[in-house]
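Worksheet for the structure shown next.
Residue numbering restarts at 1 for every chain, and letters A, B, ... go by the order of the sequence lines.
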Amino acid sequence: MTAVLIFLSAAIVNNFVLAYFLGICPFLGVSKRVETSINMGLATTFVMTLTAVITWLINHFILIKFNLPFLQYVTFIIAIASLVQLVEMFIRKSSPSLYRSLGIFLPLITTNCAILGLALFMSLREYSFIETLAFGVGGGVGFTMAMVIMGGIREELEFADVPKALRGAPITLLVAGMLALAFMGFAGMLSV
Amino acid sequence: MAGKSLGAEFVKGLWAENPVLRLLLGMCPALAVSNSAINGLAMGLATLFVLVASNTMVSLIRRIVPSQVRIPTYIMIIAAFVTLADLCLKARLPEISKALGPYVPLIVCNCLILGRSEFFASKHPIIPSIIDGLGMGIGFTGVLVVLGMVREVFGSGAIFGFVFMGEDVFTPWVVMILPAGAFLTLGMLMGIINYIGNLRKEGP
Amino acid sequence: MKNANSAKMLLVLTGFAIVVGAILALAYQGFYPRIEANRIAEERRAIFSVLEKAKDYKTIEYTRDGGEVVKIFEGMDAGGNTVGYAFLTSGPGFSATIKIMVGINLDRRKLTGMKVVEHLETPGLGTKIEGDKFTVQFKGLAFEPKIEYLKGKKPEKSNQIQTITGATISSVAIVKAMNRRMKIVLEILEGGGS
């Protein structure tokens with residue numbers, strides 16, 4: 001039951017991008033079109049889920065057991081970086097067409113703070129294994145959703161008459177602000 | 001050495017290549033912890049420290065690290081300095097450390113730092129790398145403080161925690177301190193800067 | 001050539017990992033006493049702020065079924081008489097966990113105070129949970145049958161508080177965290193003897 005709540009909370013109410021400002025770089029950088037948004041979102045969700053599982057295992061069976069909290073950041077980020085690399089190699093071998101469509105976005109996932117944020121939040125909130133899994137998937141789904149909505153709006157924006165000074169990054173930020181306002185409507189519906 | 005003088009390396013981070021406003025790097029912390037001026041300042045300084053330290057290290061070791069493993073090595077170095085900064089804050093400034101919460105470790109993922117290591121420090125000697133880190137870090141801190149000040153003034157009628165407009169004279173714009181306000185403020189700030197830039201280009 | 005190269009990669013990575021690990025371990029050793037001291041000092045301050053009459057305190061550790069350890073602080077006056085108990089509790093707030101210290105007077109069935117120890121609430125809104133206007137409501141509040149909260153209305157009963165406008169989630173989080181822990185603490189203090 002709590003796992004379901006955590007999933008919904010991470011996906012909607014406490015959306016990583018719009019409420020915690022995690023993963024802003026890809027959110028602003030790679031959201032020009034709906035299609036790339038979907039691909040990036042899915043790849044990130046995949047890595048997030050794996051990261052949640054692996055960092056939970058590392059945290060529980062190595063860091064907590066041997067009392068090494070100061071190695072947390074280093075081990076987490078290395079785990080994420082290697083995971084991204086593995087995923088990249090795996091996709092390149094198994095599905096070259098998918099690899100081409102994701103292409104340059106894959107390595108970028110390492111510096112997506114949403115992923116490290118996920119790992120840190122789960123250790124901070126002392127989630128159980130199942131809860132961590134729900135948190136990872138939920139966070140990924142929420143990220144994908146924000147990306148896709150943003151991609152859709154930006155496709156439409158191309159036809160809009162935006163004041164010259166606001167073109168590019170500024171208008172994207174303003175749109176993100178409106179989105180964050182809209183998502184605030186969910187605030188307080190769940191508290192996990 | 002050919003290229004820009006040290007002074008130019010320093011100044012470019014402040015304005016022309018300002019990490020947040022121009023390069024769009026390090027957006028996450030810029031938005032997340034700029035809800036008050038003091039938080040923005042603390043976060044900016046912590047980032048400045050990590051940036052200068054990792055730029056120095058990366059520049060020092062740039063010849064021994066094989067290029068295939070340079071990214072993991074850089075990340076490791078950055079994460080180590082972030083841990084140091086975090087421990088140091090916890091020990092010496094517990095109040096600030098609590099206010100910044102989980103955003104201190106997220107400096108690891110600040111693309112600004114990895115970006116500077118990769119594009120600058122790995123190709124330049126130590127001194128320019130330090131200067132580059134200082135310039136970028138100060139530029140970053142500046143934006144965070146300005147953002148924090150704007151949001152604090154409108155959002156709670158205060159500046160650096162000092163309330164100068166009580167709730168009886170000024171109704172705070174709650175939205176400014178909420179996440180949405182961060183996006184809106186930064187968007188408007190960039191718009192204004194572009195506007196001024198355009199005016200200058202077009203001449204009086 | 002290729003082998004030599006991967007050997008070098010491995011060597012460099014391992015070397016850096018060891019150096020980084022060693023430096024961090026040393027730094028942690030160096031900073032730990034200070035960090036721990038900060039934590040204890042803060043705990044002390046919080047205890048004395050919720051148990052105003054206390055001059056000293058001792059920590060009672062109680063292991064419940066299932067291995068969970070519950071820490072309760074017993075506040076004492078200069079003569080060593082118990083003046084009240086304090087305990088830490090936490091719950092999910094608006095942006096992250098809110099941690100609070102609660103003081104109770106067992107004989108009078110009332111709270112003696114509440115102090116927010118840790119939070120990451122929105123500045124200007126959620127941060128009001130630290131303000132006197134909110135915290136003073138908990139002084140002398142009856143904790144039985146349980147603490148209740150009202151939105152936008154003045155409290156009518158002795159076990160009610162008013163939530164902060166614009167920070168309902170944060171206010172409710174505190175009340176919920178209190179009620180949850182209170183049950184366990186009362187069980188320990190009154191159920192199992194000393």
Side-chain angles (χ1 to χ4, degrees), chain A residues 15-29 69-78 80-82 84-85 107-108 110-117 119-121 123-125 162-184 187, chain B residues 20-22 24-34 71-87 101-115 118 175 178-199:
Chain A
N15 189 285
F16 268 62
V17 180
L18 299 168
Y20 287 130
F21 303 105
L22 297 171
I24 298 287
C25 300
F27 178 64
L28 297 178
F70 53 92
L71 285 180
Q72 206 180 42
Y73 310 159
V74 180
T75 44
F76 281 10
I77 192 73
I78 289 177
I80 294 169
S82 351
V84 171
Q85 200 98 56
L108 277 182
T110 311
T111 45
N112 184 341
C113 37
I115 298 181
L116 183 65
L120 292 170
F121 275 131
S123 87
L124 205 66
R125 296 181 188 167
V162 179
K164 203 174 159 204
L166 291 180
R167 274 177 211 164
I171 190 73
T172 314
L173 281 167
L174 292 179
V175 171
M178 312 273 172
L179 269 183
L181 273 180
F183 268 75
M184 258 178 62
Chain B
V20 181
L21 300 176
R22 299 288 164 155
L24 298 182
L25 292 174
M27 300 294 269
C28 311
L31 293 166
V33 275
S34 62
I71 301 282
T73 320
Y74 298 164
I75 288 185
M76 209 145 65
I77 291 172
I78 295 170
F81 281 119
V82 170
T83 313
L84 278 181
D86 189 39
L87 286 173
Y103 288 102
V104 173
L106 288 177
I107 298 177
V108 177
C109 287
N110 191 330
C111 11
L112 168 62
I113 298 176
L114 189 63
E118 167 76 4
V175 66
L178 293 174
F183 288 114
L184 297 177
T185 315
L186 188 59
M188 287 317 287
L189 199 67
M190 280 181 173
I192 293 169
I193 287 168
N194 284 350
Y195 184 72
I196 297 172
N198 289 347
L199 277 188

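Only the side chain of A:Leu120 has a heavy atom closer than 4.5 Å to any heavy atom of chain B. Heavy atoms of B:Asp86 lying under 4.5 Å from chain A belong exclusively to its side chain. Both the backbone and the side chain of B:Leu184 come within contact range of chain A, judged by heavy atoms closer than 4.5 Å. Of the two parts of A:Leu28, only the side chain, counted from C-beta on, holds a non-hydrogen atom closer than 4.5 Å to a non-hydrogen atom of chain B. Within the 4.5 angstrom heavy-atom criterion, no atom of B:Pro72 approaches chain A.
Options A:Ala165, A:Ala180, A:Gly23 differ in how many heavy-atom pairs under 4.5 Å they form with chain B, and the most are formed by A:Ala165. Chain B forms the most heavy-atom pairs under 4.5 Å with one residue out of A:Leu116, A:Thr75, A:Leu71, and that residue is A:Leu116. For chain B, the option among A:Val175, A:Asn112, A:Leu18, A:Ile77 with the highest count of heavy-atom pairs below 4.5 Å is A:Ile77.
Of all heavy-atom pairs spanning A:Pro170 and B:Gly187, the tightest one is CB-O, 3.5 Å. B:Ile75 and A:Ala81 get closest at one heavy-atom pair: CD1-CB, 4.4 Å. Nearest approach of A:Arg167 to B:Asn194, heavy atoms of both residues: O-ND2, 4.4 Å.
Summarising the geometry, atom CG belonging to B:Leu106 is positioned 9.0 Å from atom OH belonging to A:Tyr73; distances are rounded to the nearest 0.5 Å. Here A:Ile24 contributes atom CD1 and B:Cys111 contributes atom SG; the two are 10.5 Å apart, rounded to the nearest 0.5 Å. A distance of 11.5 Å separates CG in A:Leu173 from CE in B:Met188, rounded to the nearest 0.5 Å.
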